[in-house]
Structures are given as C-alpha cells and as structure tokens.
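Working notes for the structure below.
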Amino acid sequence: MKKTPALLLALLMLFSLAACGAAEPTPTPAVTEEPAAAEAPAEEPAAETVIFTDSSGREVELPANITKIAPGGTVATMILAAFAPEKLVCVGTDLNENQIPYLYDGIAELPVTGQLYGGKATLNLEELLATGAEVIIDLGDFKSSIADDLTALQEQTGLPCVFIEADLAHMADAFRSLGAILGKEERGEKLAGLAEETMTMAAENRAKISEEEMISVLYSSGADPLGTNAEGSSQAQVLGIVGAKNAVAVEDVTSKGGGNMINMEQLYNFDPDVVLVTDAAALEIIETEAAWQELRAVQSGKVYTVPCDPYCWMSAPPSMNMILGVWWLGNLLYPEVYDYDMTAKAQEIYKLLWNYDLTAEEAAAMFGK
C-alpha cells in the first residue's frame, strides 16, 4: 500500500513528458481570393471612312477599305494595273496586244470607260458607274484645273475622286499615297524604294559626266521621225535625268504626243550623236531615205529603238514607265558610268512592277541585241 503514491507520481510524470513532446497543430493557410479581372474595354468599331488630302489640296472622304477602283485615264490605269490590279473594275483606254501578256490576267476583259483629260478625253460616266466603283483615282501630271475638275466630277457621279501627282519626280510619294489609301503600305514602300533608287542612281552618275562629254540625242516618238520631243518637254525628261543633251531646241515646246515637228534644215543643224525612235515606220524612214544618211548618228549606226512593252520606257505617257527608261538609256549612252547588267535590272523591275518573269531572250529582243 505504501507503493501506490509513488506509482501514481510516476504515471503523472510520464503523461506530462508526452504532452510536452507532442507537435503543435499546423495552422490552416488563409485563402486569399484573387481580385476579379478587370473587364477589357470594348473595341471601337473600325472607321468606315477616312479623310485623304490629295495632291490638289482637296480633302476627300474615302471608304476605309477600298475594293473597287475606276482609273481616271491612261496613266492611272498603268500605275494601278501594277500597284493594285485586283481592285480595278475598268480601264481608261484600250490595251494593245503587246501590253496584255505582261499585265495581270483578266485586265483585257475589263470595260473601257475613257479618260478624264487629254485629246482623247472621253470619260463615259454611265459605264463607269455601272462598274460599281467605290472611288475614282486619277494619277499623272499636275494641272491647274485639276481641283475644280475633280470636284465637279465628284458631284456628277456621287463618288469620291482623288488626284495623286505621279510624274517621275513625285513617283515615290505617289506609291506611298496609294499604299496608305488602299491598305497596301508594304507594296507602296517597295515601289517607292525602286523610284528613289532610280533617281538617286541617275543623279550620282549624271554628276560624273562633264558638259563636254554629254551625248546629244534626238528623240522621236511617232511614225514620222521629224516629230521630235524637244528640250523642255515632259516626254523627253529622261534625257536630262541621265545626263544627255537634247539635240532639239525649239520655241513653243509641246509635251503632247508626237512632239514638235522640225524640218530637214533644222535636223542637219541639230545633227545629233544618237537618234532614238519608238515606231517601226520612223526607223524605216531613217534607214532608207537618203536625206537621213547625212546625219552623224546614222553614219555611225547609233539609231536605236526604245523598248515599249508593256509601255514605252521613255514616255507616252511620261510616268512610272520612265523608271525603266532611266536605267536603259543611261546604260546605253554611258556604259562606263552606268555600269550594271541591264538585262538583270530589267528582269528585277518587271518582276516587281508586274510580277512578270522576263527572260534573257525577251530582254535581248527589247534591246535589239
């Protein structure tokens, strides 16, 4: 009986030690609720129209997504057939059989609606409206009346009408403007780059040619070789760009097709180093008529036909096509300065402008080689 208190004391001590060694319970982590995600702002609907300030200074409201274009004439047709052929719903003038193979499939089937300006100004508004065009785009040389003319046309048709200046000096800007309004900025930048490369190359090479080294050139673009594109005409501007001297200097210079007619006495006085023609009939006259055999250019065999497919490289019309003319004429007249493979350059440009794979044989035929 005396041992009982001791036993109880031992048991109490054992329980106390067990309690001290027990692990404390792990606290349950607090659950933090994620804040509700902020609602994304509703997207604003895309604008249906945009305002474009054209080269005449007119602010014109255009569809934001233009899919159907009517060109204002020959130059507009030429440039748009290269830049955005899928958007054309008509052409300004008939295309000849030599042009069609180089341009996109289907262009020959488009209706011909006429052109706004020139001696062949025959814009057919009824047929144009029947095409479903969303906009009329005119490209080319600036004219003092262009703003009033397009405003009147816009009122007549109910269609937005824009003008983009597109001579060679403004060609890069024209390509970029087309890229902006047609949603083809990358295409616009590529073609603008070609125009800028061409003008920079020509300026750098022209600076290497002294006044004494300049070659004089008579440029005829009609069936009669006495019809010349004189100094100061827009049709002959490639000559000055590459550093050649226009052999024909006359008063009352015209930039119309066919140029200024001269007589044989004037021709002998001008006596050019080189003669350029675009028409087979003109070439035949120069090669067969005795009066032409007196010229230094004829005697030295320096009479050349300007390549004209799909458009004349020198002019007619004086616009995008002259990019090719600058490369070709510089290389023809001053090969030691304009030193590059013209066949390869022509192939590059045809691919870029018209997505056409020009063969070396086709290029050689164009160059008369």
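Here, residue 1 is the first one in the sequence, and each next residue gets the next number. Just so it is clear, the model here is predicted, and its values are computed rather than measured.
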More than 12 heavy atoms of other residues, nucleotides or ligands under 6.0 Å from CD of E86: is that the case?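 More than 12 within 6.0 Å, yes.
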
I'd like to know whether CD of Q293 has more than 12 heavy-atom contacts from other residues, nucleotides or ligands below 6.0 angstrom.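 More than 12 heavy atoms, drawn from other residues, nucleotides or ligands, come within 6.0 Å of this atom.
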
Flag the pair E196 and R176 as a salt bridge only when some basic side-chain nitrogen lies within less than 4.0 angstrom of an acidic carboxylate oxygen.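 Between R176 and E196 there is a salt bridge, with a charged N closer than 4.0 Å to a carboxylate O.
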
Determine whether [X] and [Y] fall in the same hydrophobic cluster, where Ile, Leu, Val, Met, Phe, Trp and Tyr are linked whenever their side-chain heavy atoms lie under 4.5 Å apart.
{"X": "V89", "Y": "V135", "value": "no"}
{"X": "L324", "Y": "M322", "value": "yes"}
{"X": "L276", "Y": "L226", "value": "no"}
{"X": "L218", "Y": "M314", "value": "no"}

If you look only at distance, which donor and acceptor atoms sit under 3.5 Å apart when one is on a side chain in residues 61-76 and the other is two or more places apart or in another chain?
from	atom 1	to	atom 2	distance (Å)
E61	OE2	T49	OG1	2.8
T67	OG1	E134	OE1	3.2
T67	OG1	E134	OE2	3.1
T74	OG1	T93	OG1	3.4
T74	OG1	Q115	OE1	2.7

In terms of the angle between their ring planes, are F175 and F83 parallel, tilted or perpendicular, with boundaries placed at 30° and 60°? parallel

Using the rule ring-ring contact (aromatic ring centres under 6.0 Å, His included), only one of Y334, Y350, Y340 pairs with W327; which is it? Y340

Show me the side-chain donor-acceptor pairs of residues 238-250 shorter than 3.5 Å, one per line, residues at least two apart or across chains.
from	atom 1	to	atom 2	distance (Å)
N246	OD1	V248	N	3.0
N246	ND2	N229	O	3.0
N246	ND2	A230	O	3.4

What verdict does the side chain to side chain donor-acceptor pair (under 3.5 Å) test give for E362 and Y356, after you've listed the backbone C-alpha separation in whole Å, the side-chain angles of each residue and the deciding distance to 0.1 Å? CA-CA 12 Å; E362 287 172 319; Y356 183 84; 2.6 Å; yes

Measure the spacing between CD1 of I146 and CZ of F163 and express it to the nearest 0.5 Å. 5.5 Å

Apply the test side chain to side chain contact (heavy atoms under 4.5 Å, CB included) to residues L159 and L129: give CA-CA distance (whole Å), side-chain angles for both, the deciding distance (0.1 Å), then the verdict. CA-CA 9 Å; L159 297 176; L129 290 172; 3.8 Å; yes

